[in-house]
S.K.: 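Have a look at this one before I ask anything.
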Amino acid sequence: MRYSQYLLNTVKETPADAEVVSHKLMLRTGMIKKVAAGIYSYLPFGLRAIRKVEQIVREEMDRAGAIELHMPMVTPAELWEESGRWQQYGKELLRLKDRKDGGFCLGPTHEEVITDIVRREVKSYRQLPLNLYQIQTKFRDEIRPRFGLMRGREFIMKDAYSFDTDDAGADAAYEKMYQAYRRVFQRCGLKFRAVEADSGAIGGSFSHEFMVLAESGEDAIVSCDSCEYAANVEKAELKAPAGVAPTAAADVSEVATPNQKTIEDVAVFLKLEPSQLVKTLLVETDEEEVVAVLLRGDRELNPIKLANLLGSNCVEMASEETVLKVTGAPVGFAGPVGLKVRILADHEIGTMGNFVVGGNAADLHLAGVNHGRDFNVEQFADLREAEAGDDCPRCNGKLEIWRGIEVGHVFKLGTKYSAAMNAVVLDDQGKERTLIMGCYGIGIGRTVAAAIEQNNDDNGIIWPLPIAPFQVLITLVNPKDEEVCKAGEQIYTDLQQAGVEVLLDDRDERPGSKFKDADLIGLPLRITVGARGLKEGSVELQWRKDGERRMLPLESAVEDMLKLVREGMQD
RNA sequence: CGGGGCGUAGCGCAGUCUGGUAGCGCACCUGCUUCGGGAGCAGGGGGUCGGAGGUUCAAAUCCUCUCGCCCCGACCA
């Protein structure tokens, strides 16, 4: 491609509403253009990167035995009513009416549609196992789209769905996808972790997320420093600490704590460490039950663990009014002694004694409190959020915390949709069996964003070779110089004929601007053709990665480049 | 949905308080010079000041309503 005939407008200034580096760089390089909140056009340069990732995904899906199809983006309400998600899905599901007033929605995911296809097409166990995938535009009316392609409302996703008659088959399908995902992200040149995840509202028995490690990631993940354990913090299990509560000492004593509402305040006020306090959180379930949860003062509640324990869809912190009603005190002074609601406690509380809690009255705390004697805990459980340095739940290692961008998610779904939608086949005994499903997603645009997030410097993007929009950039320092032009064009043509994707910067611009643009758009390999080098019969090769330059003899330049591209693609 | 902020040229912004010729930088077009790390000079094009209504001799500026966007929070396969 000739730059002079291409649409690739770069911008020096960073658009004001970009927060994260990948968004900034995608805007500055004109990869994407916002059309509405969370909705983008992919301009040619951006589209090329998207296509690269799509192609890698396609190849790995095919290799794993999945088959590509394409489903509609607009899907009828009936299917969603059948699975129950027409009601369950909130405002994220963008609902529409057609001219005949029929209900439709823009597909945020396609379990219903695929299940409908398979129940119609597949009648016999002999047609299984089956794994079908598509690469398609999805729409989720996110409350707050942000970070460019990282969290859009409209986005490109690869979604695959597996169908099996038994658990062993379903597990094998899951494992195949898990391995395919590892290959995809490896091939994209990304540093990532596959972590255990909460399976959330989509249901199902187990699930892994593929996280690209990046500071700007929206998720926190833990990984063990000595074994393979890795999990989303939402899911990260924690061992119950060893040890028993110390013997209860003196009686409970009341301590005046005027206006000391937070754990920090109280700890400073009483000259104690936050870890010597116990905090009492009042939460409300979606069935409007209020529950008290006890945690060590310096710990954070993991609401997902609590929701799972309570078998509730979601739990929320109780409102100020509720707290006042239940404890008789304003927020900040809740404590377990004398409370009339269910009391749950994190395992750690079991090893604590003679601690400080809220006094259920304004400006009052209680010291020397012990569970069992002063109040009863209904159940001890793993309820707190993992922190760096916590013990690994699987071995003797310690947990580290990373931030990650979720680029892929694999779920074992089980029969949630097949049962609701009556997707069954006959087995070899002629008996009906409900299909066991798995679903597997990859955010294509998000993967591109994550790649940029992970590969950039002050000057711009540093594309990993396998997903770079072009593999090579040839810069003609002065396109008006006949020699320069001739040499550059020759290399350009030869490389293209050898199948290399080349961008030829033949623009009549000053060299300085061209070099700046070259850094910004970040193509991995760069050849600079200038009069200076040509005098010695050579051109300059530079890697964007490390800036390392060396001269290549004109005669062997094409050959040398071909070798580098091939080697680079195999990494 | 709660709190905060912003809508003026393609992008980044000033002008709004205190009403009176719509401005600056980048980008774009023309010419000359320049040419291996975002050149200089000269000239030029581009705006219903988010929209509607109102106040006024006069509104980007004041008032009312409305739409959109951004940030923080809650939420999230």
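Both backbone and side-chain heavy atoms feed into the values below; hydrogens, waters and symmetry mates do not. Residue numbers begin at 1 in each chain, while the letters A, B, ... track the order of the sequences.
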S.K.: Sequence neighbours left out, cut at 3.5 Å: what donor-acceptor pairs do the side chains of residues 528-535 of chain A make with other protein atoms?
M.R.:
none

S.K.: Could you please name the partner base of rU30(B), counting Watson-Crick and G-U wobble pairs only when both distances are under 3.5 Å?
M.R.: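 Paired with rU30(B), as far as the under-3.5 Å criterion goes, is rA42(B).
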S.K.: If you measure from the P atom in rU48(B) to the same atom in rU30(B), how many Å do you get, rounded?
M.R.: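 Roughly 24 Å separates the two P atoms.
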S.K.: Tell which nucleotide pairs with rG53(B), taking only Watson-Crick or G-U wobble pairs whose two distances are both under 3.5 angstrom.
M.R.: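 Check on rG53(B): paired to rC63(B), both distances under 3.5 Å.
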S.K.: Would you please confirm or rule out a distance under 4.0 Å between OP1 or OP2 of rG12(B) and any side-chain N or O of Lys12(A)?
M.R.: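 No, outside the criterion.
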S.K.: Give a yes or no on whether a donor-acceptor pair under 3.5 Å exists between the nucleobase atoms of rG38(B), that is its base, and the side chain of Glu509(A).
M.R.: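 Check fails, no donor-acceptor contact within cut-off.
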S.K.: When the ring centroid of Tyr161(A) is compared with that of Phe411(A), is the distance short of 6.0 Å?
M.R.: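 No, ring centres 6.0 Å or more apart.
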S.K.: Side chain of Pro511(A) only, please: which of rA77(B), rC35(B), rG12(B) is the nearest?
M.R.: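 Taking heavy atoms from C-beta onward, the closest nucleotide is rC35(B).
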S.K.: With distance as the sole criterion, is a donor-acceptor pair present between the side chains of Tyr417(A) and Arg85(A) under 3.5 Å?
M.R.: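 Checked: Tyr417(A)/Arg85(A) side chains pair up, N/O donor to acceptor below 3.5 Å.
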S.K.: So which nucleotide does rC24(B) pair with, by the Watson-Crick or G-U wobble rule with both distances under 3.5 Å?
M.R.: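 WC or wobble partner is rG12(B).
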S.K.: Roughly how many Å apart are rA60(B) and rG23(B), using the C1' atom of each and rounding to a whole number?
M.R.: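 After rounding to an integer number of Å, I get 12 Å for this pair.
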S.K.: Under 4.0 angstrom, heavy atoms only, what part of the nucleic acid is Lys34(A) near: base, sugar-phosphate, or nothing?
M.R.: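 If one applies the 4.0 Å heavy-atom cut-off, Lys34(A) turns out to touch the sugar-phosphate alone, with no base involved.
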S.K.: With a 3.5 Å limit on both atom pairs, tell me what rC17(B) is paired to, counting Watson-Crick and G-U wobble, or say none.
M.R.: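 Its partner is none (no Watson-Crick or G-U wobble pair with both distances under 3.5 Å).
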S.K.: Taking atom P of rA74(B) as reference, at what distance in whole Å does atom CZ of Arg144(A) sit?
M.R.: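 Distance, rounded to whole Å: 10 Å.
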S.K.: Can you tell me which nucleotide in rG38(B), rC70(B), rC72(B) comes closest to the side chain of Thr10(A)?
M.R.: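 Closest nucleotide among those given: rG38(B).
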S.K.: Charged N to carboxylate O below 4.0 Å: is that the case for Asp457(A) and Arg544(A)?
M.R.: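 Salt bridge flag = yes for Arg544(A) with Asp457(A).
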S.K.: Could you work out the separation of rG50(B) and rC29(B) based on their C1' atoms and round it to a whole Å?
M.R.: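 Roughly 29 Å separates the two C1' atoms.
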S.K.: Heavy atoms only, 4.0 Å cut-off, all strands: where does Asn9(A) land among base, sugar-phosphate and nothing?
M.R.: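 No contact.
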S.K.: Tell me which nucleotide among rC35(B), rC1(B), rG38(B) gets nearest to the side chain of Arg28(A).
M.R.: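 Given the options rC35(B), rC1(B), rG38(B), the side chain of Arg28(A) is closest to rG38(B).
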S.K.: Please classify the nucleic acid contact of Asp17(A) as base, sugar-phosphate, or nothing, using heavy-atom distances under 4.0 Å.
M.R.: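 Sugar-phosphate, backbone atoms only, no base.
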S.K.: Under a 3.5 Å cut-off for both distances, is rG2(B) Watson-Crick or wobble paired, and to whom?
M.R.: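 rC72(B) - that is the nucleotide pairing with rG2(B), both distances being under 3.5 Å.
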S.K.: Output yes when Glu175(A) and Lys412(A) qualify as a salt bridge under the 4.0 Å nitrogen-oxygen rule, no when they do not.
M.R.: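 Looking at Lys412(A) together with Glu175(A), the answer is no, because their closest N to O distance does not fall below 4.0 Å.
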S.K.: Leu94(A) has an atom CG; how far is it from atom P of rA77(B), in whole Å?
M.R.: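 Distance, rounded to whole Å: 18 Å.
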S.K.: Is the phosphate of rG36(B), meaning OP1 or OP2, less than 4.0 Å from a side-chain N or O of Arg549(A)?
M.R.: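 False: Arg549(A) side-chain N/O out of range (4.0 Å or more) of rG36(B) OP1/OP2.
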S.K.: Nearest whole angstrom, please: distance from the P of rG12(B) to the NZ of Lys24(A).
M.R.: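 To the nearest whole Å, that distance equals 13 Å.
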S.K.: Of the options rA39(B), rG36(B), rC75(B), whose atoms approach the side-chain atoms of Arg532(A) most closely?
M.R.: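 So the nucleotide nearest the side chain must be rG36(B).
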S.K.: Can you tell me how the ring of His208(A) sits relative to the ring of Tyr174(A), calling it parallel under 30°, perpendicular over 60° and tilted otherwise?
M.R.: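 Rings of His208(A) and Tyr174(A): tilted, as their planes differ by 30° to 60°.
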S.K.: Looking only at the side chain of Lys33(A) (C-beta and beyond, no hydrogens), which of the listed nucleotides rG10(B), rG36(B), rG73(B) gets closest?
M.R.: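 Output: rG10(B).
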S.K.: If the P atom of rU18(B) is compared with that of rC63(B), how far apart are they to the nearest Å?
M.R.: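 One P to the other, the span is 10 Å.
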S.K.: Measure the distance from CG on Leu27(A) to P on rG12(B) and round it to the nearest whole Å.
M.R.: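 It is 9 Å, rounded to the nearest whole Å.
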S.K.: Find which nucleotide of RNA chain B each of Leu534(A) and Glu142(A) is nearest to by heavy atoms, and output the residue with the more 5' nucleotide.
M.R.: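 Here Leu534(A) is the residue nearer the 5' end.
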S.K.: Checking only heavy atoms, does the side chain of Arg151(A) share a donor-acceptor pair with the base of rC76(B) at less than 3.5 Å?
M.R.: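 Checked by distance alone, the answer is yes.
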S.K.: Of the options rC75(B), rG36(B), rA77(B), whose atoms approach the side-chain atoms of Met157(A) most closely?
M.R.: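 From the listed options, rA77(B) comes nearest.
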S.K.: Find the distance Glu218(A):CD to rC75(B):P and express it as a whole number of Å.
M.R.: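 My rounded result for the distance is 14 Å.
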S.K.: Pick the nucleotide of RNA chain B nearest each of Asn478(A) and Phe155(A); which residue has the one closer to the 5' end?
M.R.: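 So the residue in question is Asn478(A).
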S.K.: Give a yes-or-no answer on whether the side chains of Asp159(A) and Gln134(A) include a donor-acceptor pair shorter than 3.5 Å.
M.R.: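 There is such a pair between these side chains.
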S.K.: Using the C1' atoms only, state how far rC70(B) lies from rA27(B), rounded to an integer number of Å.
M.R.: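 Approximately 24 Å lies between the C1' atom of rA27(B) and that of rC70(B).
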S.K.: With C1' as the reference atom in both, quote the distance from rG54(B) to rU61(B) in angstrom, rounded to an integer.
M.R.: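 It comes out at 15 Å once rounded to the nearest Å.
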S.K.: Counting the atoms with a prime plus P, OP1 and OP2 as sugar-phosphate, which does Glu19(A) contact under 4.0 Å by heavy atoms, base, sugar-phosphate, or nothing?
M.R.: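 Here Glu19(A) touches the backbone only, sparing every base.
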S.K.: Is there a donor-acceptor pair under 3.5 Å between the side chain of Arg403(A) and the backbone N or O of Gly217(A)?
M.R.: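 Yes; judged by distance alone, with no hydrogens or angles, the pair exists.
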S.K.: Could you tell me the Watson-Crick or G-U partner of rA77(B), where both distances fall under 3.5 Å? Say none if there is no partner.
M.R.: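 Because no pair has both required distances under 3.5 Å, rA77(B) counts as unpaired.
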S.K.: Would you indicate, yes or no, if rG38(B) has its OP1 or OP2 atom less than 4.0 angstrom from a side-chain nitrogen or oxygen of Arg510(A)?
M.R.: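 No, outside the criterion.
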S.K.: Please report the distance, rounded to the nearest Å, between NZ in Lys480(A) and C1' in rU33(B).
M.R.: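 Going from Lys480(A) (NZ) to rU33(B) (C1'), I get 12 Å.
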S.K.: Give one of base, sugar-phosphate or nothing for Glu13(A), where a contact means two heavy atoms less than 4.0 Å apart.
M.R.: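 Base: the residue Glu13(A), judged by heavy atoms under 4.0 Å, touches a nucleobase.
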S.K.: Quick one: which of rC69(B), rG36(B), rG12(B) gets closest to the side chain of Ala16(A)?
M.R.: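 Per side-chain heavy atoms of Ala16(A), the pick is rG12(B).
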S.K.: Rounded to whole angstrom units, what separation is found between the CZ atom of Arg507(A) and the P atom of rA39(B)?
M.R.: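 The distance from CZ of Arg507(A) to P of rA39(B) comes to 12 Å, rounded to the nearest Å.
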S.K.: Distance between the C1' atoms of rG68(B) and rA52(B), in whole angstroms?
M.R.: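 Per the computed distance, 15 Å lies between those C1' atoms.
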S.K.: Can you tell me how far P of rG38(B) sits from CG of Asp508(A), to the nearest Å?
M.R.: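 In whole Å, rG38(B) P lies 17 Å from Asp508(A) CG.
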S.K.: Distance check, P atoms only: rA42(B) and rC26(B), in whole angstrom units.
M.R.: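 After rounding to an integer number of Å, I get 12 Å for this pair.
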S.K.: With a 4.0 Å cut-off on N to O distance, would you call Arg526(A) and Glu540(A) a salt bridge?
M.R.: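 Result for this pair is no, no salt bridge flagged.
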